[in-house]
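Keep in mind the model is a prediction, meaning the values are calculated, not measured.
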Amino acid sequence: MPPTFKPLVFSGVQPTGNLHLGNYLGAITKFVALQQKYDCIYCVVDMHAITVWQDPKELRNTTREVTAAFLACGIDPKKHIVFNQSQVAEHAELAWVFNCVARLGWLNRMTQFKEKAGKDRENASVGLYAYPNLMAADILVYRATHVPVGEDQKQHLELSRDIAQKFNNDFSESIREHGFGDAFFPLPDPLIQGPATRVMSLRDGTRKMSKSEPSDQSRVNLTDDADAIAQKIRKAKTDPEPLPSEEKGLESRPEADNLVGIYAALADVSKADVLKQFGNAQFSTFKPALADLLVAKLSPITAEMRRLKDDTAYIDSVLADGSARARAIASQTMKAVKDIVGFVHA
Ligand code: ATP
Ligand code: MG
């Protein structure tokens, strides 16, 4: 009989720059919806952020900004847990154990490292390489069972499952001896659903929209005002054909597919429904409708983010409270891990 674990949601967002529509549709809207059914832990993963250089002042700002975005989008920090990773040292502690469980061969297959390290791989930080082990620790230090993420994180989630499984196997005898039955860690399930699990750049329909992409024109930021949104959508790359009337017609038209997917996700309908309405329309008709929908959905969030962001004392108190509650869970897991691995402790 496989052991059952209490359902628990964990996910994180890096404070590496401006939050964008991809983060919102691929991750944060899912975080909000899951609060109804599950206990949730949402983390601003500042330790992941420093795997590439971050200016310290900027990092503090962005950490607060991502927290403000969580709250503005409707995450409830009282019913659930919102905190920043570096305040709970157990993430780093468990990550070390996982550094010794994961195999080099596994990490060598990670495409995010290859993309982010680029050509000058020798000069990438060790942290960027070991990032997926820390991500596994983020999830498993709470023994979380469900992880809402965008499509780009699927490979890292699979690695988290491999690490959990190898730990459970390597230490199976000790796990049983300490009363944890057949498995100490759950194999966390990725939740990757809906029409916008991979929002693409507005400049290039084959690249994902990212915070760390240098061109601001490539993304809609949650802090953009109505004029900036309208301008970015007007300039978004497209092809010269009108929109197709069926979804099949979006194949091999990545930019058109992306804009239709964004519309569908915002309106909470399918791509087929969007094409029922806009099939055969020119982009000169579709783009203003998309910009209007974006402004209608994002402007209340942007306004609330601005208001919250200036209240540093409040944001910091949310993070301190969330960290204390997160630490209470994580320290229990770490005690058990120490027993299982054979570390002497008080
Ligand atoms: P960076 O470029 O610094 O990696 P990012 O834009 O990829 O930033 P992350 O903080 O790494 O953002 O990811 C936060 C969450 O947003 C993750 O669940 C990730 O899968 C999701 N996400 C990121 N980009 C997209 C996107 N373009 N479409 C859908 N989901 C996305
Ligand atoms: Mg990313």
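Under the 4.5 Å side-chain heavy-atom criterion for grouping Ile, Leu, Val, Met, Phe, Trp and Tyr, Leu250 is connected to Leu202 within one hydrophobic cluster. Hydrophobic clustering (ILVMFWY, side-chain heavy atoms < 4.5 Å, transitive): Leu222 and Leu293 are in one cluster. Linking Ile, Leu, Val, Met, Phe, Trp and Tyr whenever their side-chain heavy atoms come within less than 4.5 Å leaves Ile41 and Ile28 in two separate clusters. At a threshold of 4.5 Å between side-chain heavy atoms, the hydrophobic network of Ile, Leu, Val, Met, Phe, Trp and Tyr places Leu8 and Met334 in one connected group. Hydrophobic clustering keeps Val45 apart from Leu134 (ILVMFWY residues linked when any side-chain heavy atoms are closer than 4.5 Å, directly or through intermediates).
Taking the side chain as every heavy atom from C-beta outward, Ser270 and Glu247 never approach each other to under 4.5 Å. You'll find the side chain of Met200 stays beyond 4.5 Å of the side chain of Glu255, heavy atoms only. A 4.5 Å side-chain heavy-atom check between Asn133 and Leu107 finds at least one atom pair inside the cut-off. Residues Asp321 and Ile81 have side chains not in contact (no heavy-atom distance under 4.5 Å, counting atoms from C-beta outward). A heavy-atom distance below 4.5 Å is not found between the side chains of Asn84 and Thr67. Residues Lys116 and Thr51 are not in side-chain contact: their nearest non-hydrogen atoms beyond the backbone lie 4.5 Å or more apart. By the 4.5 Å heavy-atom criterion applied to side chains, Val274 and Phe286 are counted as neighbours. Within the 4.5 Å cutoff, side-chain heavy atoms of Val32 are placed close to those of Ile75.
Here the straight-line distance linking atom CD of Glu90 with atom CG of Asp138 works out to 12.5 Å at 0.5 Å rounding. In this structure, CG on Asn258 lies 11.5 Å from OG1 on Thr238, to the nearest 0.5 angstrom. Atom CG of Leu319 sits about 11.0 Å away from atom OG1 of Thr312, to the nearest 0.5 Å. In this structure, NE2 in His20 is found 10.5 Å from CG in Leu25, a value given to the nearest 0.5 Å. Interatomic distance, CG of Leu157 versus CD1 of Ile139, reported as 5.0 Å (0.5 Å rounding). Note that CD of Glu65 is 8.0 Å distant from CD of Glu58, once rounded to the nearest 0.5 Å.
With Thr197 contributing its side chain and Gln193 its backbone, the two residues share no donor-acceptor pair below 3.5 Å. Of the possible polar contacts, none joining the Arg143 side chain to the Val141 backbone as a donor-acceptor pair under 3.5 Å is found. In this structure, the side chain of Asn168 engages the main chain of Phe185 through a donor-acceptor pair within 3.5 Å. Side-chain atoms of Asp46 come within 3.5 Å of backbone N or O of Ser86 as a donor-acceptor pair. Counting only distance, with no hydrogens or angles, the side chain of Lys211 and the backbone of Gln14 share a donor-acceptor pair below 3.5 Å. Judged purely by atom type and a 3.5 angstrom limit, Arg253 has no side-chain atom pairing as donor or acceptor with the backbone of Leu243. In this structure, His80 contributes its side chain and Asp76 its backbone to no donor-acceptor pair below 3.5 Å. Between the side chain of Lys237 and the main chain of Asp204, no donor-acceptor pair closer than 3.5 Å is present. A distance-only check finds no donor-acceptor pair linking the side chain of Gln87 to the backbone of Ala326 [under 3.5 Å]. Ser210 places no side-chain N or O within donor-acceptor distance of the main-chain N or O of Ser212, the cut-off being under 3.5 Å.
In the model, Tyr24 has no side-chain atom that pairs as donor or acceptor with a side-chain atom of Asn221 under 3.5 Å. If you check the side chains of Gln112 and Asp152, you find no donor sitting under 3.5 Å from an acceptor. Side chains of Glu213 and Ser201: no donor on one and acceptor on the other come within 3.5 Å. Using modelled atom types, one finds no donor on one side chain facing an acceptor on the other under 3.5 Å when comparing Asn169 with Ser172.
Heavy-atom contacts from other residues, nucleotides or ligands closer than 6.0 Å to CD of Glu246 number 12 or fewer. For Arg176, the CZ atom sits in a packed shell: over 12 heavy atoms of surrounding residues, nucleotides or ligands are nearer than 6.0 Å. Environment of NZ in Lys271: crowded, with over 12 heavy atoms of neighbouring residues, nucleotides or ligands closer than 6.0 Å. Remark: Lys114 NZ is packed, more than 12 non-hydrogen atoms of other residues, nucleotides or ligands lying under 6.0 Å away.
Of all heavy-atom pairs between Leu140 and Thr333, the closest is O-CG2, 3.9 Å. Nearest approach of Ile301 to Cys73, heavy atoms of both residues: CG2-SG, 3.8 Å. In this structure, Ala236 and Lys287 approach most closely via the heavy-atom pair O-NZ, 2.8 Å. Nearest approach of Ala330 to Tyr142, heavy atoms of both residues: CB-CE2, 4.0 Å. For the residue pair Pro188 and Ser160, the shortest heavy atom distance occurs at CG-CB, 4.3 Å. Between Pro148 and Leu34 the shortest heavy-atom distance is CG-CD1, 3.5 Å.
Taking 4.0 Å as the cut-off between side-chain N and carboxylate O, Lys338 and Glu93 count as a salt-bridged pair.
A tilted orientation is assigned to the rings of His91 and Phe10, their planes being inclined by 30° to 60°. Using bins of under 30°, 30° to 60° and over 60° for the plane-to-plane angle, the ring pair Phe98/Phe167 lands in the perpendicular bin. Taking the six-membered ring where the residue is Trp, Phe31 and Phe70 present perpendicular rings, their angle passing 60° and hence far from 30°.
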For this session: With side-chain contact (heavy atoms from CB on, under 4.5 Å) as the test, would you mind laying out the steps for Leu275 and Tyr263 before giving the verdict?
Result: CA-CA 10 Å; Leu275 295 178; Tyr263 193 104; over 6 Å; no

Exercise. Does the side-chain contact (heavy atoms from CB on, under 4.5 Å) test come out yes or no for Ile233 and Lys235, once each step is laid out?
Worked result: CA-CA 5 Å; Ile233 296 297; Lys235 288 205 166 161; over 6 Å; no

For this session: Run the numbers on Phe180 and Phe171 for ring pair (Phe, Tyr, Trp, His ring centres under 6.0 Å), then give the verdict.
Result: CA-CA 11 Å; Phe180 294 107; Phe171 295 102; over 10 Å; no

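Considering only residues two or more places apart in sequence or on other chains, Arg121 meets the salt bridge (charged side-chain N to carboxylate O under 4.0 Å, His left out) condition with none of them. Partners of Lys6 under the salt bridge (charged side-chain N to carboxylate O under 4.0 Å, His left out) rule, at least two apart in sequence or in another chain, are Asp39. By the salt bridge (charged side-chain N to carboxylate O under 4.0 Å, His left out) test, Arg161 pairs with Asp189, sequence neighbours left out. Here Arg307 pairs with Glu304 under the side chain to side chain contact (heavy atoms under 4.5 Å, CB included) rule; sequence neighbours left out.
The salt bridge (charged side-chain N to carboxylate O under 4.0 Å, His left out) analysis of residues 18-37, with sequence neighbours excluded, yields no pairs. Residue pairs satisfying the salt bridge (charged side-chain N to carboxylate O under 4.0 Å, His left out) criterion with at least one member in residues 214-228, sequence neighbours excluded, are listed as follows: Asp216-Arg219, Asp216-Lys232, Asp224-Lys232.
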